[in-house]
**Q** 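Once you've had a glance at the structure underneath, I'll fire off some questions.
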Amino acid sequence: ELARQAVSIDRFCLVTATYFAESGFVESQAQRNMTASDMNHADLYAVSTRTVSSELRGILNDAKIEKVNKIITESGNRFTKMNEAIVLSESRNLEDMGAIGLLHEFRRHINQGKSVSDMLESWKCKIEYGYWQARLKESFRYDAVRQIARQRFAVTEGFMEQLAEQHDA
């Protein structure tokens, strides 16, 4: 889809930003004994960009470091026009729609001392309130990515239905 639209992408900076975009989780866990579920997006972006600046200084020039950091921070802005940030955002949102997102959700529930019943109730509420349908509609800018998200969601939904059925048995 991007190729058809002749969208200009700085692949080097995008790949570098992708490598470092979640580094804030690692840094926070190591230094502040926080879990990923304890961090908000602003904290994640702040720690991740500090990591980029400290770890890549002397390796990349300042302009590249600045662009990588901008990609990371702009990826959290749903109105950004920065192509690389949009691609990073799409990949994060896509991750939420499948098995990886479900594993993250399970981990959050376990870290909070919640049970499988709690997880199933949370899932049920999200279905009832149209959370996933809203995510599918609003979280993706590219139709090709939205289609992949729908497929992932369908598989995830099937798994959650089977889990609920077995849990209730």
**Q** Donor-acceptor pair, Glu84 side chain versus Cys13 backbone, under 3.5 Å?
**A**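 No; zero donor-acceptor contacts below 3.5 Å.
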
**Q** Would a hydrophobic clustering, with Ile, Leu, Val, Met, Phe, Trp and Tyr connected at side-chain separations under 4.5 Å, put Leu102 with Tyr131?
**A**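 Same cluster: Leu102 reaches Tyr131 through Ile, Leu, Val, Met, Phe, Trp or Tyr contacts under 4.5 Å.
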
**Q** With clusters defined by side-chain heavy atoms of hydrophobic residues (ILVMFWY) lying less than 4.5 Å apart, directly or transitively, does Met119 cluster with Ile110?
**A**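 As far as the 4.5 Å side-chain criterion goes, Met119 and Ile110 are not connected within one cluster.
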
**Q** Can you find a pair of side-chain heavy atoms, one from Lys126 and one from Glu105, that are under 4.5 Å apart?
**A**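 They are in contact (side-chain heavy atoms under 4.5 Å apart), so the answer is yes.
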
**Q** So if you build clusters from Ile, Leu, Val, Met, Phe, Trp, Tyr with side-chain heavy-atom gaps below 4.5 Å, do Val116 and Ile127 land together?
**A**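 Looking at the clustering, Ile127 is in the same group as Val116.
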
**Q** So which atom in Ile72 and which in Arg92 form the shortest heavy-atom distance, rounded to 0.1 Å?
**A**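 Taking Ile72 first and Arg92 second, the nearest heavy atoms are O-NH1, 4.2 Å.
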
**Q** Can you check whether Ser115 reaches Asp118 side chain to side chain, under 4.5 Å on heavy atoms?
**A**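 Ser115 vs Asp118: side chains touch.
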
**Q** Do Phe12 and Ile65 sit in one hydrophobic cluster, given that two such residues count as connected whenever their side-chain heavy atoms are within less than 4.5 Å of each other, even indirectly?
**A**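 Yes.
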
**Q** Check whether any side-chain heavy atom of Leu56 sits under 4.5 Å from a side-chain heavy atom of Thr16, and report yes or no.
**A**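 They are in contact (side-chain heavy atoms under 4.5 Å apart), so the answer is yes.
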
**Q** Side chains of Ile86 and Tyr142: does their closest heavy-atom pair fall under 4.5 Å?
**A**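 In contact.
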
**Q** Look only at the side chain of Asn83 and the backbone of Ser8, and say whether a donor-acceptor pair between them is shorter than 3.5 Å.
**A**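 Pair found, side chain donor or acceptor close to backbone of Ser8.
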
**Q** Quick check: does any side chain N or O of Arg141 sit under 3.5 Å from a backbone N or O of Arg78, one acting as donor and the other as acceptor?
**A**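 Yes; at least one donor-acceptor contact below 3.5 Å.
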
**Q** Nearest 0.5 Å, what's the OH-CG distance between Tyr45 and Asn77?
**A**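 Reported value, rounded in 0.5 Å steps: 9.5 Å.
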
**Q** Would you say the side chain of Asn111 lies within less than 4.5 Å of the side chain of Arg107, judging by non-hydrogen atoms?
**A**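 Arg107 vs Asn111: side chains touch.
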
**Q** Are Phe106 and Trp132 connected in the hydrophobic side-chain network, where two residues link if heavy atoms are under 4.5 Å apart?
**A**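 Yes, Phe106 connects to Trp132 through the hydrophobic network.
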
**Q** Search all heavy atoms of Glu90 against all heavy atoms of Phe140 and return the closest pair with its distance.
**A**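 Heavy atoms only, the tightest pair is OE2-CA, 3.2 Å.
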
**Q** What are the two closest non-hydrogen atoms of Ser139 and Asn93, and how far apart are they?
**A**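 Smallest interatomic distance, heavy atoms only, reads O-ND2, 2.9 Å.
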
**Q** For Val47, does its backbone N or O pair with a side-chain atom of Thr51 as donor and acceptor, under 3.5 Å?
**A**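 Yes.
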
**Q** Just by distance, do the side chain of Thr49 and the backbone of Ala46 share a donor-acceptor pair under 3.5 Å?
**A**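 Yes; at least one donor-acceptor contact below 3.5 Å.
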
**Q** Work out which heavy atom in Ser48 is nearest to a heavy atom in Ala21; give both atom names and the distance.
**A**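 Between these two residues, the closest heavy atoms are OG-O, 3.0 Å.
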
**Q** Would you mind writing out the side-chain donor-acceptor pairs for residues 151-163 within the sub-3.5 Å range, not counting sequence neighbours?
**A**
unit_1	atom_1	unit_2	atom_2	d
Arg152	NH1	Leu94	O	3.2
Thr156	OG1	Met97	O	3.4
Thr156	OG1	Arg152	O	2.9

**Q** Would you check, one step at a time, whether the test side-chain contact (heavy atoms from CB on, under 4.5 Å) holds for Met82 with Lys67?
**A** CA-CA 10 Å; Met82 186 178 197; Lys67 186 166 187 181; 4.0 Å; yes

**Q** Between Asn69 and Ser53, is there a side-chain donor-acceptor contact under 3.5 Å, judged purely by atom types and distance?
**A**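 A pair is found: one side chain offers a donor N or O, the other an acceptor, under 3.5 Å apart.
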
**Q** Please answer whether the main-chain N or O of Leu14 pairs with a side-chain N or O of Thr18 as donor and acceptor at a distance below 3.5 Å.
**A**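 Here the side-chain-to-backbone pair exists.
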
**Q** Once rounded to the nearest 0.5 Å, what's the spacing between atom CZ of Phe79 and atom CD of Glu74?
**A**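 Output value for this atom pair is 12.0 Å.
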
